[in-house]
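Side chains are part of it too, since the values below use all heavy atoms of this structure and drop only hydrogens, waters and symmetry mates. When a ligand or atom number is given, it counts from 1 through the structure's own listing order.
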Amino acid sequence: MSEFRSASTPGVLLEIAVGLARDAAATARRLRAEAIFDVETKSTATDVVTAADKAVERQVIEALRELRPGDGVLGEEYGDAAGEGSVRWILDPIDGTVNYLYGLPQYAVSLAAEAGGEIVAGIVINAATGDEWTATRGGGAYRGDRRLKVTGPAELSQALVGTGFGYDARRRAHQGRVLAGLITRVRDIRRFGAAALDLCAVAEGTLDAYYEKGLNPWDHAAGGLIAREAGAVVAGLQGARPGLDMVVAAPPAIFNDLHDLLVGLDAAGGA
Ligand code: LIP
């Protein structure tokens, strides 16, 4: 256990993340029956947070305080608590909260460890199904214990592309225009509703690519590392890092074509 307190190798940080995320997923499952009746709204009337989102985040923060008192934590519900050390944890307690509310089995706990400004370890657990995706920087990506390698078509026109929409109507209007310009240039679109799981789908090839505007670090930190370690390019547009303006993930074979199409459609623009 003392190693957990002090060592900050990607392997040790992943081991910590796996333990905390599994407990968090179990809590999310256990609380759902009541939590869906204890709901508040955030940025808009459709941007919801349940009592479980908060309880799960508090649980992980308290466990980290025990295990790693010097580390920082950035979480979706309680924000950024700086630490003294070089490690910061980035947490989405329930990614896909609307799916959680509706009982659609597509919501996840996403926990990443950042060291020296780089994501070095990450786990995404589908809390409804128990499926787990993990990665360490330079150590590869896994679904369970199966090593992942991105596949995908040679042509964008054959790609199954995932995306998502924000909670603000003006942003959704812009995202709808972008989608209208893109939908004739790809095989088809999927909207699953949880960015962390969409990025894991790119890593394992159940999606060929994914893009979304408006994601916060907790939505893509762990999933982005998993997709990258499986061989995908994960970036923003025009040389930017993945961030609020845009996150795009795709195998090298189709990344540039998707990137250029999104730039042409001003996908990072709008509200
Ligand atoms: C969700 C993202 C999803 C996006 C939703 C929302 P949340 O995160 O995972 O990709 O389309 O608008 O941001 O709010 O469930 O944590």
Side-chain angles (χ1 to χ4, degrees), residues 21 24-25 27-28 31-32 35-36 39-58 60 74-80 90-112 122-128 131 133 161-176 178-179 182 189-203 206-207 209-227 234 236 242-250 262 267-268 270-271:
T27 300
L31 292 180
R32 188 178 173 275
I36 57 174
V39 179
E40 291 165 19
T41 58
K42 300 193 287 185
S43 61
T44 71
T46 56
D47 181 5
V48 291
V49 56
T50 74
D53 295 78
K54 296 179 180 174
V56 169
E57 184 158 328
R58 282 197 304 274
V60 175
L74 168 62
E76 175 168 8
E77 309 311 340
Y78 293 103
D80 207 352
I90 303 177
L91 169 69
D92 193 333
I94 301 180
D95 186 37
T97 302
V98 172
N99 288 344
Y100 183 79
L101 197 59
Y102 281 76
L104 293 166
Q106 191 74 4
Y107 48 87
V109 175
S110 174
L111 183 58
I123 179 166
V124 172
I125 298 186
N126 181 322
D131 294 321
W133 295 263
V161 178
T163 193
F165 310 95
Y167 293 114
D168 173 88
R170 288 164 310 136
R171 169 146 318 144
R172 294 170 74 79
H174 183 77
Q175 290 170 317
V178 170
L179 181 61
L182 182 136
I189 293 287
R190 292 292 180 270
R191 198 301 192 237
F192 290 138
L197 291 171
D198 292 336
L199 289 160
C200 293
V202 172
T206 46
L207 281 175
Y210 166 73
Y211 75 94
E212 186 162 354
K213 174 184 171 69
L215 295 181
N216 289 290
W218 46 80
D219 294 314
H220 62 87
L225 178 71
I226 291 161
V234 182
L244 265 178
D245 280 346
M246 184 54 66
V247 173
V248 189
L262 291 169

Visitor: Does the side chain to side chain contact (heavy atoms under 4.5 Å, CB included) test come out yes or no for Leu199 and Ile226, once each step is laid out?
Guide: CA-CA 7 Å; Leu199 289 160; Ile226 291 161; over 6 Å; no
Visitor: Applying the side-chain contact (heavy atoms from CB on, under 4.5 Å) criterion to Tyr107, which one of Ile94, Thr97, Ile125 satisfies it?
Guide: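 Among the candidates, only Ile94 passes.
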Visitor: In the protein, which heavy atom is nearest to atom 2 (C) of ligand 1, and how far is it?
Guide: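 Among all protein heavy atoms, the one nearest atom 2 (C) of ligand 1 is Asp95 OD1, 3.6 Å.
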Visitor: Do any N/O atoms on Ala194 end up under 3.5 angstrom from N/O atoms on ligand 1?
Guide: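 No: no nitrogen or oxygen of Ala194 is under 3.5 Å from one in ligand 1.
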Visitor: Measuring only between side-chain heavy atoms, which start at C-beta, is Asp245 closer than 4.5 Å to Lys213?
Guide: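 Yes; the side chains approach each other to less than 4.5 Å.
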Visitor: Identify, for atom 12 (O) of ligand 1, the protein heavy atom at the shortest distance, and state residue, atom and that distance.
Guide: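 Checked against all protein heavy atoms, atom 12 (O) of ligand 1 sits closest to Phe165 O, 2.8 Å.
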Visitor: So, Asp95 versus Ser110: side-chain donor-acceptor pair below 3.5 Å or not?
Guide: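 Note: Asp95 and Ser110 side chains miss the donor-acceptor criterion.
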Visitor: Please work out, at 4.0 Å between heavy atoms, whether the side chain, the backbone, both, or neither of Asp219 comes within that distance of ligand 1.
Guide: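 Near ligand 1, Asp219 shows its side chain, while the N, CA, C and O stay back.
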Visitor: Which ligand 1 atoms are under 4.0 Å away from a heavy-atom of Gly164?
Guide: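 Counting atoms of ligand 1 from 1, those under 4.0 Å from Gly164 are 11 (O).
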Visitor: Just one of Glu40, Glu76, Glu77 clears the salt bridge (Lys or Arg N to Asp or Glu O under 4.0 Å) bar with Lys54, so which one?
Guide: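 Of Glu40, Glu76, Glu77, salt bridge (Lys or Arg N to Asp or Glu O under 4.0 Å) with Lys54 is met by Glu40 alone.
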Visitor: I need the contact type for Gln175 against ligand 1. Using non-hydrogen atoms and a strict under-4.0 Å cut-off, is it side chain, backbone, both or neither?
Guide: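 For Gln175, there is no contact with ligand 1 at all, from either part.
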Visitor: Using the rule given for side chain to side chain contact (heavy atoms under 4.5 Å, CB included), can you reason through Val49 versus Val39, listing the C-alpha separation, both sets of side-chain angles and the distance that settles it, and then say yes or no?
Guide: CA-CA 6 Å; Val49 56; Val39 179; over 6 Å; no
Visitor: For Gly96, take its heavy atoms, then give the atoms of ligand 1 lying under 4.0 Å from any of them.
Guide: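 Every atom of ligand 1 under 4.0 Å from some heavy atom of Gly96: 7 (P), 15 (O), 16 (O).
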Visitor: Closer than 4.0 Å to some heavy atom of Asp92 - which atoms of ligand 1 meet that?
Guide: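 Counting atoms of ligand 1 from 1, those under 4.0 Å from Asp92 are 16 (O).
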Visitor: Taking only non-hydrogen atoms of Ile94, do any sit less than 4.0 angstrom from ligand 1?
Guide: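 Yes; Ile94 lies near enough to ligand 1 that a heavy-atom distance drops under 4.0 Å.
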Visitor: What's the shortest distance from atom 16 (O) of ligand 1 to any protein heavy atom, and which residue and atom give it?
Guide: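 Among all protein heavy atoms, the one nearest atom 16 (O) of ligand 1 is Glu76 OE1, 3.1 Å.
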Visitor: Just to verify, what does Tyr211 make a ring-ring contact (aromatic ring centres under 6.0 Å, His included) with, not counting sequence neighbours?
Guide: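 None.
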Visitor: Any idea which protein heavy atom is nearest atom 10 (O) of ligand 1, and the distance to it?
Guide: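 Residue, atom and distance for the closest contact: Glu212 OE1, 2.9 Å.
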Visitor: Please step through side chain to side chain contact (heavy atoms under 4.5 Å, CB included) for the pair Tyr100 and Thr50, ending with a clear verdict.
Guide: CA-CA 9 Å; Tyr100 183 79; Thr50 74; 3.8 Å; yes
Visitor: Which residue supplies the protein heavy atom nearest to atom 14 (O) of ligand 1, what is that atom called, and how far is it?
Guide: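 Answer for atom 14 (O) of ligand 1: Tyr167 OH, 2.9 Å.
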Visitor: Begin with the C-alpha distance, continue with both residues' side-chain angles, and end with the deciding distance and a verdict on side chain to side chain contact (heavy atoms under 4.5 Å, CB included) for Tyr167 and Val98.
Guide: CA-CA 11 Å; Tyr167 293 114; Val98 172; 4.1 Å; yes
Visitor: Can you confirm, on distance only, whether ligand 1 has an N/O atom lying under 3.5 Å from any N/O atom belonging to Ala195?
Guide: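 There is such a contact, yes.
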